[in-house]
Structure formats: C-alpha cells, structure tokens
Amino acid sequence: MRHSRIGVPTLLMMALLLAEATSDAVRVAVATDAVEEKRDELSEFFRKYIGLSDDQIKAIRSGQSVAKVLDSPTADQVFVFGAVYVRSTPEEYLKLASDIDALKKLPNYLAIRKFGNPPQLSDLDGLSLEEDDFKDLQKCREGKCEIQLPTDAMEEFRTKVNWSASDAHEQANRIAKTLVLEALKKYEEGGNAELGVYRDKNNPAAVEQEFQSLISRSKALPVYLPDLRTYLLNYPKTKAEHIESEFYWEKVNFGLKPTIRLLQAVLYRGADATGPEYAVAVKQLYASHYFHTALDLTVCVRDDTDKQHGMFLITLKGSQQAGLTGFKGSIVRKVAVDKTRSSLQRALATIKVSLEASVQR
C-alpha cells in the first residue's frame with residue numbers, strides 16, 4: 001500500500017467540518033506553502049475552528065493529548081476533536097492503524113477482527129453477546145428493546161432461539177454472527193439503502209437518512225474531497241482507484257455498555273496535486289448500542305519544522321446517538337460526551353507512546 005504525505009489542504013478540510021468558511025479564505029490558506037506559515041495556519045486552525053486556548057495549543061505541541069467536545073446543531077449529534085504531537089511519521093501511523101494486534105491493546109477494545117474478501121462466518125469467531133444483552137434479547141420486541149435492531153432481526157432471535165435450552169446463549173451468539181455477516185453482504189451489494197431501520201424504540205431510526213444528515217454538516221467534503229464524499233454516500237456504485245476500503249467488526253467498551261460495531265475503513269489517496277493527499281474515514285454500518293450512525297476522520301499533518309520526524313495526529317469523531325434529547329437525555333448526553341472525550345484523549349496518548357516506542361527501536 002502506497003502512503004502519501006498529508007498537506008495543509010487536508011487540515012483545512014477538517015476545519016470546514018466544524019464551521020463554515022468563505023471560499024476565498026480557504027483558497028488563500030491552501031496556497032500557502034512556507035514551513036513557518038504552515039505552522040501558523042495550524043495554530044489558526046486550532047484557535048478559530050476548534051476554539052483552543054494558547055495553553056491548549058502549547059500542550060499539544062509539547063506532546064500532551066488534548067480532546068474537546070465541539071458544538072453540534074442538534075442534541076443527538078456529537079462531535080469531538082482530539083490532537084497530539086507525535087515524534088513519528090504518517091507512514092508509521094498507518095502501519096499501527098492497520099495492525100489489529102496493536103489495536104487490541106488500546107483502551108476499551110474488547111475484541112476486533114477484519115473480514116476477509118469475500119467475508120465469511122468464520123471471520124466472526126470471537127464475537128459474543130454480553131450476558132446483559134443475552135437477557136435483554138429474550139424480551140426484545142419492536143418499540144421496546146435494549147439492543148438496536150431492525151424488526152426482522154428481533155424476530156430471528158425470538159423464533160429461532162430456545163431460550164430455555166442449556167445452550168441458549170450459544171444459539172443466540174450464532175444468530176448474532178449470522179445477522180452481522182448478512183448485514184455486511186447486503187451493504188456490499190446495495191450500499192446505504194441496506195443499512196436498515198432500528199425499531200428498538202417507538203421512534204424508528206433510518207440509518208441511511210441519519211448518515212446523510214451527519215455527513216451533510218461537512219462543508220469541505222464536496223470541495224476538497226468530492227470523491228471521498230461520493231464514495232461514502234454512494235458505495236458500492238462509486239469506485240475510484242485512489243480509494244481503498246475494508247471491513248471489520250469490533251467490541252468496545254465506552255464506559256457504559258460494551259458495544260458491537262460493524263465498520264468500513266476507507267483510505268483516500270489524493271488523485272491530483274490540487275486536493276488533499278491523504279485521509280482516513282471510518283464509517284459505522286451497525287452498532288448494538290448508542291450510535292445510530294458515526295463517522296471518524298483522521299489526518300496526520302507532518303511537521304517540517306522539526307529536525308526529527310514529527311507530526312500532528314488530528315481526529316474528528318462525529319456521531320448521531322439515541323436517547324440524548326429531552327431532560328433525561330441531556331443528563332445522559334453529558335455522561336456519554338464526557339466518556340467519548342476522555343476515551344479519545346487516552347487513546348491518542350496511547351497511540352503516541354506506541355509510535356514513539358517503535359521509532360526508538
């Protein structure tokens with residue numbers, strides 16, 4: 001896999017994910033190539049678009065991980081920014097990000113595995129339902145279920161598991177694996193239209209529409225990454241030589257309930273010199289709890305002013321979540337958002353340690 005150097009355009013693309021900017025201002029910034037001006041632009045990005053203080057910027061440059069919750073247009077949407085300075089290279093980060101064994105060591109990861117091509121049921125070995133989820137599935141019905149599921153999935157568990165049998169948990173695990181595999185195959189064939197509708201609560205959540213709403217907040221994707229935006233919205237109809245995609249599942253603990261997620265990882269390499277050179281997007285296809293939809297964007301900004309290898313690792317996590325509206329939801333939202341922020345800050349610190357340790361070896 002060829003890795004490309006990340007430039008200022010990608011950084012500005014992230015800025016426009018957070019707030020609108022005039023096209024003239026963006027074009028002036030993109031045209032700037034001088035090393036010192038590049039650092040000034042990075043500071044401007046942190047101040048203007050993220051709202052970081054000088055002390056926070058200084059902390060990032062000194063190697064501390066910083067994470068911040070950003071304003072969102074609605075209560076059920078959450079955006080969290082994080083950054084850390086790492087004495088390593090973007091290429092080393094890509095190796096780490098694609099290293100499943102390394103990811104397993106990160107905080108909150110309980111299990112993770114890539115799918116083969118084509119995906120098979122054996123790719124889901126290691127996936128298992130938590131005891132609480134197993135108990136909740138026994139009484140799961142449309143409009144009243146503690147696990148995010150479409151109606152047909154609820155019926156699968158209700159009609160095909162002998163809940164009184166000694167191996168009921170294993171029966172449920174087999175069905176869970178089969179449903180995840182079927183969901184992936186449907187997505188590979190039909191794209192977002194096959195992501196389904198969660199009907200675990202009284203208000204159904206259509207995943208395709210919620211993902212479109214989430215991605216519509218990005219003002220820069222159609223400007224600087226039109227191919228990536230089109231790919232995320234129109235997969236599998238849209239194909240591009242400079243975009244690679246793979247799938248994996250994970251079981252993660254966000255501090256509330258362990259959550260099973262099905263994900264698509266997209267690696268974008270700039271097709272020409274006028275646009276961003278590199279971007280990584282991780283798109284959620286399914287989650288058993290909390291997240292209706294989610295999109296994580298990560299860029300590595302190489303630091304040319306450092307005589308040693310160095311870069312700024314910058315992440316933006318956007319999601320639309322259930323149960324965050326209303327009075328009770330506002331309390332839940334505070335807890336969930338704080339957990340997301342603190343988890344991202346810890347994860348960035350752990351990634352920094354891993355990357356810098358590999359450079360020293």
Side-chain angles (χ1 to χ4, degrees), residues 1 94-104 106 109-130 133-134 137 147-157 160-161 169-198 206-208 210-211 228 230-252 258-269 280-289 291-296 298 319:
M1 182 182 296
L94 288 176
K95 292 179 183 177
L96 176 65
S98 62
D99 185 346
I100 292 297
D101 290 333
L103 288 175
K104 290 178 181 177
L106 293 179
Y109 274 83
L110 303 179
I112 182 171
R113 183 166 177 174
K114 290 182 181 180
F115 284 94
N117 186 15
Q120 303 179 42
L121 193 61
S122 59
D123 294 328
L124 289 149
D125 288 349
L127 183 147
S128 62
L129 295 167
E130 290 292 303
D133 287 345
F134 171 72
L137 281 170
I147 302 172
Q148 292 188 151
L149 290 172
T151 301
D152 57 352
M154 296 180 198
E155 288 300 304
E156 283 281 310
F157 285 108
K160 294 186 177 181
V161 176
H169 201 146
E170 183 54 37
Q171 291 180 44
N173 280 338
R174 285 197 296 269
I175 291 176
K177 294 176 183 179
T178 300
L179 289 173
V180 170
L181 180 62
E182 289 177 353
L184 174 54
K185 289 182 175 179
K186 288 180 179 178
Y187 176 74
E188 287 187 306
E189 293 176 359
N192 291 339
E194 297 295 334
L195 293 178
V197 179
Y198 295 140
V207 180
E208 178 183 20
E210 296 204 358
F211 179 74
L228 178 58
T230 300
Y231 186 90
L232 290 170
L233 289 173
N234 298 328
Y235 175 91
K237 296 178 181 179
T238 299
K239 299 184 184 298
E241 293 183 356
H242 56 290
I243 298 178
E244 299 175 10
S245 182
E246 62 182 12
F247 300 93
Y248 64 98
W249 64 267
E250 66 181 18
K251 188 175 181 180
V252 290
T259 300
I260 294 170
R261 299 212 298 167
L262 176 62
L263 302 159
Q264 179 183 23
V266 180
L267 171 62
Y268 170 92
R269 297 190 303 269
V280 174
V282 178
K283 176 183 178 181
Q284 176 187 291
L285 308 181
Y286 169 76
S288 58
H289 297 291
F291 303 95
H292 286 170
T293 188
L295 180 67
D296 293 356
T298 299
S319 62

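Here the NZ atom belonging to K177 is positioned 7.0 Å from the CG atom belonging to L121, to the nearest 0.5 angstrom. The CG atom of L285 sits 9.0 Å away from the OH atom of Y235 when rounded to the nearest 0.5 Å. Atom CZ of F115 is separated from atom OG of S122 by 10.0 Å, given to the nearest 0.5 angstrom.
The closest side-chain donor-acceptor pair between Y187 and Q264 falls under 3.5 angstrom.
A donor-acceptor pair is defined here as one N or O able to donate and one able to accept, closer than 3.5 Å; such a pair exists between the side chain of S98 and the backbone of K95. Side chain of K283 to backbone of L232: a donor-acceptor contact under 3.5 angstrom is found. N192 places a side-chain N or O within 3.5 Å of a backbone atom of L233 that can act as its donor or acceptor partner. In terms of modelled atom types and a separation under 3.5 Å, the side chain of H292 and the main chain of Q148 share no donor-acceptor contact. Judged purely by atom type and a 3.5 angstrom limit, S319 has no side-chain atom pairing as donor or acceptor with the backbone of F291.
Side chains of I147 and H289 form a contact here, defined as non-hydrogen atoms less than 4.5 Å apart.
For NZ of K114, the number of neighbouring non-hydrogen atoms (other residues, nucleotides, ligands) closer than 6.0 Å is greater than 12.
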Checking T151 against V197 for the side-chain contact (heavy atoms from CB on, under 4.5 Å) test, could you report, in this order, the C-alpha distance in whole Å, the side-chain angles of both residues, the deciding distance, and whether it holds? CA-CA 8 Å; T151 301; V197 179; over 6 Å; no
Audit row: H169, S128, side-chain contact (heavy atoms from CB on, under 4.5 Å) steps and yes/no: CA-CA 9 Å; H169 201 146; S128 62; 5.7 Å; no
Does the pair K251 and L127 meet the rule for a side-chain contact (heavy atoms from CB on, under 4.5 Å), with working shown? CA-CA 8 Å; K251 188 175 181 180; L127 183 147; over 6 Å; no
Pair F157-F134, side-chain contact (heavy atoms from CB on, under 4.5 Å): steps then yes or no: CA-CA 10 Å; F157 285 108; F134 171 72; over 6 Å; no
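Here the closest heavy-atom approach between residue D125 and residue W249 is recorded as O-CZ2, 3.6 Å. Shown here for G116 and D123, the closest heavy-atom pair between the two residues is N-OD2, 3.1 Å.
Results of the side-chain contact (heavy atoms from CB on, under 4.5 Å) test with V280 over L94, V266, D296 single out L94 as the only residue that passes.
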